[in-house]
Peer 1: 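Have a look at the structure that comes next, please.
Predicted model, so just to flag it, every value in this text is computed and none were measured.
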Amino acid sequence: MKKRILSAVLTLTMAVGLLTGCGGSKTASWTVTCPWAPSGVAAMVSQKAASMSTNYSENIILVADAIKGDAATVNTWVADTKADDTELVFAGEGLFSITSILDPAKLQFTYDDFVFVENLYSSVFVMSADASLNINGMSDLEAYLASADEISVAANGATSSEAFLAAALFGSMGYGEKLKITPYSSAAEAAQAVARGETSFAVSHQSQILETYQQGGVTIVCAFDGDDITDGEFSGVEGVGKYGYPYFRNRCFVLARSGTKAETVSELKKLYDDILADGEMASWLSDTMMLEVDTMSEQDVQDHIQNVQDIVNEYYDIVVN
């Protein structure tokens, strides 16, 4: 009889444990919305993180969702979610630093509508050039610009991060009046335009130009970072920052709705930090996506947003006019 009672107690205890998970709380599925490019870099990284979430938490399961929509999608998200809803959303400098200045009417929210959880990754943009121009670094670029009548650059949209990086570089070099930004409907398409001879240059994520570079269709001129690239296929490519030219990295903030309990945000942040610290995730980001793990503090986020806003304000006329 005692054995039966003990067995029943153990069975009940295990069942309760399965239902409640660690810390006595039930497992919750958190939908993570990527409001742009369903097949793009951010959506792919979000899906990878979601697939690893069950390795690190018995309380939280991440479910990646990607919707093409950008500002309109985030507007809807803010309107439809409340504090402590099991919903997360991505946003970055595209909305907080560029759209907020160029077209603030599109944004029916401010940063105060969110609470920062973690930065998903960091991407160093690179500038590629038509291989026939034989531009392999900043000194070659200087020589080319001195005699060029026009500087044509492919970018993902007319007022994108890539467009402002191009404007900041050529503007700070003194050639802003020669710049012609040619917008494309996607970052991948813009990255390939230069190899087709449609433009002289393109600004893109490293992964989006890698194959074309390997095939000899383009050279890599520079990286939009403070230092040279040290790893991967583009190791040795010069960073524009060491020449004193402005730059910023592309970052993707995971955000919850403002007012969400601090302990919940801390639990979410720990989950993302554990995933990002996993060697499998770090290797996948570096080797497959050519991205970097780049966890950030709230102050880091504010500094990043301000830096990009400063660049947008300074080079606004080159991009918009």
Side-chain angles (χ1 to χ4, degrees), residues 28-54 60-100 102-123 155-163 183-191 204-205 207-208 250-260 264-265 268-269 271-272 275-276 281 284-285 288-289 291 301 305 308:
S29 293
W30 283 71
T31 300
V32 189
T33 300
C34 177
W36 57 77
S39 61
V41 170
M44 293 174 66
V45 179
S46 181
Q47 183 61 56
K48 179 68 173 178
S51 72
M52 297 178 67
S53 62
T54 54
I60 299 172
I61 298 172
L62 301 176
V63 180
D65 187 23
I67 303 170
K68 188 174 183 180
D70 205 30
T73 302
V74 181
N75 286 336
T76 300
W77 187 90
V78 169
D80 292 348
T81 58
K82 298 177 177 61
D84 294 313
D85 282 354
T86 53
E87 300 279 346
L88 298 171
V89 69
F90 288 151
E93 69 275 348
L95 293 178
F96 292 128
S97 303
I98 299 178
T99 303
S100 65
L102 269 62
D103 197 356
K106 280 188 177 180
L107 304 185
Q108 297 168 26
F109 58 82
T110 69
Y111 186 82
D112 291 338
D113 289 308
F114 308 90
V115 57
F116 173 66
V117 176
E118 188 51 276
N119 178 50
L120 195 62
Y121 63 82
S122 175
S123 174
N156 176 26
T159 58
S160 61
S161 294
E162 294 94 326
Y184 287 82
S185 59
S186 74
E189 185 182 358
S204 69
H205 291 283
S207 59
Q208 292 166 335
N250 173 231
R251 292 184 165 99
C252 203
F253 310 137
V254 181
L255 304 165
R257 192 68 167 89
S258 180
T260 299
T264 303
V265 175
L268 287 163
K269 180 174 177 59
L271 173 57
Y272 271 106
I275 293 170
L276 293 171
M281 184 66 167
W284 181 81
L285 284 171
T288 303
M289 303 301 294
L291 305 171
V301 172
I305 291 173
V308 181

Peer 1: Let's go through Phe253 and Leu120 carefully: what are the C-alpha distance in whole Å and the side-chain angles of both, what is the deciding distance for side-chain contact (heavy atoms from CB on, under 4.5 Å) to 0.1 Å, and is it a yes or a no?
Peer 2: CA-CA 6 Å; Phe253 310 137; Leu120 195 62; over 6 Å; no
Peer 1: Side-chain contact test, heavy atoms from C-beta onward, threshold under 4.5 Å: evaluate it for Ser161 versus Ile98 and give yes or no.
Peer 2: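 They are in contact (side-chain heavy atoms under 4.5 Å apart), so the answer is yes.
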Peer 1: Of the non-hydrogen atoms in Ser100 and Pro104, which two are nearest, and what is the gap between them?
Peer 2: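 Scanning both residues completely, I find the closest heavy atoms to be O-CB, 3.4 Å.
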Peer 1: Given side-chain contact (heavy atoms from CB on, under 4.5 Å), test Asn119 with Val301 step by step and report yes or no.
Peer 2: CA-CA 8 Å; Asn119 178 50; Val301 172; 5.8 Å; no
Peer 1: Which distance, rounded to the nearest 0.5 Å, do you find between the CH2 of Trp284 and the CE of Met52?
Peer 2: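 Going from the CH2 atom of Trp284 to the CE atom of Met52 covers 10.0 Å.
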Peer 1: Contact between Arg257 and Asp113 at the side-chain level, heavy atoms closer than 4.5 Å - yes or no?
Peer 2: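 The answer is yes, as the side chains (C-beta and beyond) meet within the 4.5 Å cut-off.
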Peer 1: What's the shortest heavy-atom distance between Ser123 and Leu291, and which atoms?
Peer 2: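 Shortest heavy-atom separation between Ser123 and Leu291 comes out as CB-CD2, 3.4 Å.
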Peer 1: Taking all atoms of both residues into account, what is the closest heavy-atom pair of Ala28 and Thr86, and its distance?
Peer 2: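 Result for this residue pair: CB-CG2, 4.2 Å.
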Peer 1: Taking only residues two or more places apart in sequence, or in another chain, which ones meet Lys106 in a side-chain hydrogen bond (donor to acceptor under 3.5 Å, both in side chains)?
Peer 2: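 By the side-chain hydrogen bond (donor to acceptor under 3.5 Å, both in side chains) rule, Lys106 matches no residue at all.
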Peer 1: Report, one line per pair, each donor and acceptor closer than 3.5 Å where one atom sits in a side chain of residues 87-97; sequence neighbours left out.
Peer 2:
{"unit_1": "Glu93", "atom_1": "OE1", "unit_2": "Arg251", "atom_2": "N", "d": "3.3"}
{"unit_1": "Glu93", "atom_1": "OE1", "unit_2": "His304", "atom_2": "NE2", "d": "2.8"}
{"unit_1": "Glu93", "atom_1": "OE2", "unit_2": "Asn250", "atom_2": "ND2", "d": "2.8"}
{"unit_1": "Ser97", "atom_1": "OG", "unit_2": "Ile305", "atom_2": "O", "d": "3.0"}

Peer 1: Write down the atom of Ala158, the atom of Ala163, and the distance for their closest heavy-atom approach.
Peer 2: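 Result for this residue pair: O-CB, 3.5 Å.
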Peer 1: Does Met44, at its CE atom, have more than 12 non-hydrogen atoms belonging to other residues, nucleotides or ligands within less than 6.0 Å?
Peer 2: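 Open.
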Peer 1: Quick check: closest heavy atoms across Val63 and Ser29, and the distance to 0.1 Å?
Peer 2: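 Where Val63 meets Ser29 most closely, the heavy atoms are CG2-CB, 4.2 Å.
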Peer 1: Please tell me if the side chains of Val78 and Phe114 come closer than 4.5 Å, counting only heavy atoms from C-beta onward.
Peer 2: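 With C-beta onward as the side chain, the pair touches.
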Peer 1: Is the shortest side-chain heavy-atom distance between Cys252 and Trp36 below 4.5 Å?
Peer 2: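 Of all side-chain heavy-atom pairs linking Trp36 with Cys252, at least one is under 4.5 Å.
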Peer 1: Taking side chain as C-beta onward, heavy atoms only, is Trp30 less than 4.5 Å from Leu271?
Peer 2: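 Of all side-chain heavy-atom pairs linking Leu271 with Trp30, none is under 4.5 Å.
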Peer 1: Go through the structure and list residues passing side-chain hydrogen bond (donor to acceptor under 3.5 Å, both in side chains) with Thr260, not counting sequence neighbours.
Peer 2: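 Testing Thr260 for side-chain hydrogen bond (donor to acceptor under 3.5 Å, both in side chains), a comparison that skips the adjacent residues, returns none.
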Peer 1: Can you confirm whether Val41 sits close enough to Gln208 that some side-chain heavy atom of one is under 4.5 Å from a side-chain heavy atom of the other?
Peer 2: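 Yes - at least one pair of side-chain heavy atoms lies under 4.5 Å apart.
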Peer 1: Between Ile275 and Leu62, is there a side-chain heavy-atom distance shorter than 4.5 Å?
Peer 2: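 With C-beta onward as the side chain, the pair touches.
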Peer 1: Got a sec, which residues hit ring-ring contact (aromatic ring centres under 6.0 Å, His included) with Tyr272, two or more places apart in sequence or on another chain?
Peer 2: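 By the ring-ring contact (aromatic ring centres under 6.0 Å, His included) rule, Tyr272 matches no residue at all.
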Peer 1: Taking side-chain hydrogen bond (donor to acceptor under 3.5 Å, both in side chains) as the definition, give me every residue that meets it alongside Glu162, ordered by chain and number, with sequence neighbours left out.
Peer 2: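 Listed in chain order: Ser160.
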Peer 1: Has Thr33 got a side-chain atom pairing as donor or acceptor with Pro35's backbone, closer than 3.5 angstrom?
Peer 2: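 No, the answer is negative, given that no donor and acceptor are paired below the 3.5 Å cut-off.
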Peer 1: Could you pull out the closest heavy-atom pair between Ser46 and Ala64, with the gap in Å?
Peer 2: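 So the minimum-distance heavy-atom pair works out to OG-CB, 3.6 Å.
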Peer 1: Please name all residues satisfying side-chain hydrogen bond (donor to acceptor under 3.5 Å, both in side chains) with Asp103, sequence neighbours left out, ordered by chain then number.
Peer 2: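 side-chain hydrogen bond (donor to acceptor under 3.5 Å, both in side chains) check on Asp103 returns nothing, list empty.
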Peer 1: Backbone N or O of Gln108 within a donor-acceptor pair of the Asn75 side chain at under 3.5 Å?
Peer 2: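 Yes; at least one donor-acceptor contact below 3.5 Å.
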